[in-house]
Chemist: 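There's a structure below that I have some questions on.
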Amino acid sequence: MHHRTKPQLNAHRWFKSLCFAGFLIGNPFFLTKIAIAQSIKVVELTTGDGYPPYVDWRISTGGIATSVVRSVVTRIGFEPRFTSLPWARGYKLMLKGDYTATFPYIRTPTREAEVAFSEPLFGIASHIFARAGSPMKFEDLGDLEGYSTCNYVGSALPTSVQTLIAEGLVRVNEVSSLSTCFKLLELGRVDFVTVNSLAGSAIACEQPTGTHQFLISEKPAEILDLHLVVPIANADAKVFLENFNSELLKFKSTKDYQVLRARSTFSMGRDKSVRGFKRIDCSVIPRSQ
């Protein structure tokens, strides 16, 4: 009895499998879903960290710039895979071709010779941050002459400040992170830090004495944009960038983008300006989310 029922059981399973296969073949909706899944390709992207609220891997989204890139890449039919690396290393590996793109970066003459830039992800205002009690004033760039600043490896200072450094009018210390720049500023080892208003204020407010220890210039040093970049030498990456730009422009008209953009809006404190600086109001600094 046992040997007769076993073949019948196998035949029954075979018949069920055949029927299921017939269902798949005759179900175009199911096959379409399979085709779409198979057509989605992974695109390798790299970015840094410690640049809140734009790039911040302490939160699940990776920051608001990461959220924009994720949304746009998904909309053009790719699955984005992010790798967080030290800024300088990620940029070099992108140029080498290990990654299709990296972000977010401002334009500089050096970068323009190496990479192609996306449409702006966000507009930013670069401000001067000083230590409370500093004799510095800031009405124009000439007020920075004779002082020292800080920059972290892999980032670039605004062209206006970089020019002062190249002319020997401002001294610069190179460190590993933006947070370290603010620690040096707090210790009095540098006189000012130049970074966009939101990232600088977010880092300053994370310091134990942030609310009282740091000041921000009322006037920006320079108005800039943040971009995704791809290597000029990589033809496939340039095609990816064309598609990215097209979809980014569409995404900017959506409510999702407006929500992210609202998180990149900076509000200056209401207290009176002293020598061109104001106290940082940590209560109005948006979180990365």
Side-chain angles (χ1 to χ4, degrees), residues 45-52 54-55 63-66 68-69 84-129 138 140-142 144-145 147-182 190 192-200 203 217 219-234 237-238 240-241 244-245 248 264:
L45 305 169
T46 184
T47 185
D49 197 6
Y51 189 58
Y54 303 98
V55 180
I64 60 175
T66 308
V68 169
V69 172
S84 177
L85 296 171
W87 293 99
R89 184 183 173 203
Y91 185 85
K92 289 178 181 177
L93 291 178
M94 177 272 303
L95 290 178
K96 183 183 174 184
D98 290 1
Y99 296 93
T100 299
T102 187
F103 68 93
Y105 283 85
I106 63 172
R107 286 183 180 272
T108 68
T110 298
R111 289 173 181 165
E112 287 177 340
E114 300 174 326
V115 299
F117 292 80
S118 74
E119 293 292 324
L121 303 175
F122 294 102
I124 59 172
S126 185
H127 284 252
I128 305 299
F129 289 81
F138 184 73
D140 57 50
L141 292 167
L144 302 178
E145 294 181 12
Y147 289 104
S148 62
T149 190
C150 179
N151 192 35
Y152 59 101
V153 177
S155 70
L157 292 168
T159 302
S160 54
V161 176
Q162 192 62 52
T163 299
L164 294 174
I165 293 170
E167 294 175 353
L169 299 174
V170 169
R171 303 181 305 279
V172 63
N173 289 270
E174 294 281 347
V175 297
S176 61
S177 68
L178 180 57
S179 179
T180 301
C181 279
F182 275 88
V190 298
F192 70 93
V193 173
T194 308
V195 67
N196 84 74
S197 54
L198 201 53
I203 293 291
S217 63
K219 294 180 179 179
E222 200 164 326
I223 303 298
L224 303 162
D225 290 314
L226 295 177
H227 306 266
L228 175 139
V229 300
V230 303
I232 290 176
N234 188 325
K238 291 180 74 174
F240 168 81
L241 183 63
F244 182 91
N245 279 337
L248 175 60
S264 72

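Reckoned from all heavy atoms, side chains included, excluding hydrogens, waters and symmetry mates. Just so it is clear, the model here is predicted, and its values are computed rather than measured.
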Chemist: Could you list the residues that satisfy side-chain contact (heavy atoms from CB on, under 4.5 Å) with Pro120, not counting sequence neighbours?
Modeler: Asp225, His227, Lys252

Chemist: ring-ring contact (aromatic ring centres under 6.0 Å, His included) with Phe129: which residues, sequence neighbours excluded?
Modeler: Phe182

Chemist: If the test is side chain to side chain contact (heavy atoms under 4.5 Å, CB included), which one of Ile223, Ile106, Leu198 qualifies with Ile124?
Modeler: Ile106

Chemist: Side chains of Tyr51 and Leu178: closer than 4.5 Å at any heavy-atom pair?
Modeler: yes

Chemist: Tabulate below the donor-acceptor pairs under 3.5 Å that side-chain atoms of residues 162-175 make, not counting sequence neighbours, or state none.
Modeler:
from: Thr163; atom 1: OG1; to: Thr159; atom 2: O; distance (Å): 2.8
from: Arg171; atom 1: NH1; to: Gly146; atom 2: O; distance (Å): 3.4

Chemist: Return the set of residues passing salt bridge (charged side-chain N to carboxylate O under 4.0 Å, His left out) with Lys238 (not counting sequence neighbours), or none when no residue passes.
Modeler: none

Chemist: Specify the closest pair of heavy atoms between Gly50 and Ile203, including all atoms of both residues, with the distance to one decimal.
Modeler: O-CD1, 4.0 Å

Chemist: Contact between Tyr54 and Asn196 at the side-chain level, heavy atoms closer than 4.5 Å - yes or no?
Modeler: yes

Chemist: With sequence neighbours left out, what residues match Ser126 under side-chain hydrogen bond (donor to acceptor under 3.5 Å, both in side chains)?
Modeler: none

Chemist: Measure across Ile232 and Ala116 and return the closest heavy-atom pair with its distance rounded to 0.1 Å.
Modeler: CG1-N, 3.7 Å

Chemist: How many angstroms lie between atom CZ of Phe192 and atom SG of Cys150, to the nearest 0.5 angstrom?
Modeler: 10.0 Å

Chemist: If you take all heavy atoms of Val190 and Thr149, which pair is closest and at what distance?
Modeler: CG1-O, 3.6 Å

Chemist: What residues form a side-chain contact (heavy atoms from CB on, under 4.5 Å) with Asn245, not counting sequence neighbours?
Modeler: Ser118, Glu119, Leu241

Chemist: Does Asn151 have any side-chain hydrogen bond (donor to acceptor under 3.5 Å, both in side chains) partners at least two apart in sequence or in another chain, and if so, which?
Modeler: Ser155

Chemist: Going from CZ on Phe240 to CG on Leu45, what distance comes out if it is rounded to the nearest 0.5 angstrom?
Modeler: 5.5 Å

Chemist: Side chains of Val68 and Leu248, heavy atoms from C-beta outward: is any pair under 4.5 Å?
Modeler: yes

Chemist: So, taking the atom named CG in Leu121 and the one named CD1 in Ile64, what distance separates them when rounded to the nearest 0.5 Å?
Modeler: 10.0 Å

Chemist: Would you name the heavy atoms of Leu144 and Phe138 that are closest together and state the gap between them?
Modeler: CD2-CD1, 3.8 Å

Chemist: How far apart are the closest heavy atoms of Lys219 and Ser217, and which atoms are they?
Modeler: O-OG, 2.7 Å

Chemist: Compile the donor-acceptor pairs under 3.5 Å between side chains in residues 84-99 and protein atoms, sequence neighbours left out, one pair per line.
Modeler:
from: Ser84; atom 1: OG; to: Gly48; atom 2: O; distance (Å): 3.0
from: Trp87; atom 1: NE1; to: Asp49; atom 2: O; distance (Å): 3.1
from: Tyr91; atom 1: OH; to: Glu114; atom 2: OE1; distance (Å): 2.8

Chemist: Mind listing the closest non-hydrogen atom pair of Ala221 and Ser160 along with its distance?
Modeler: O-OG, 3.9 Å

Chemist: Once salt bridge (charged side-chain N to carboxylate O under 4.0 Å, His left out) is applied, what residue pairs with a partner in residues 102-113 remain, sequence neighbours excluded?
Modeler: Arg107-Glu112

Chemist: In chain order, what residues pass the side-chain contact (heavy atoms from CB on, under 4.5 Å) check against Thr66, with sequence neighbours excluded?
Modeler: Val55, Trp57, Arg70, Phe82, Phe103

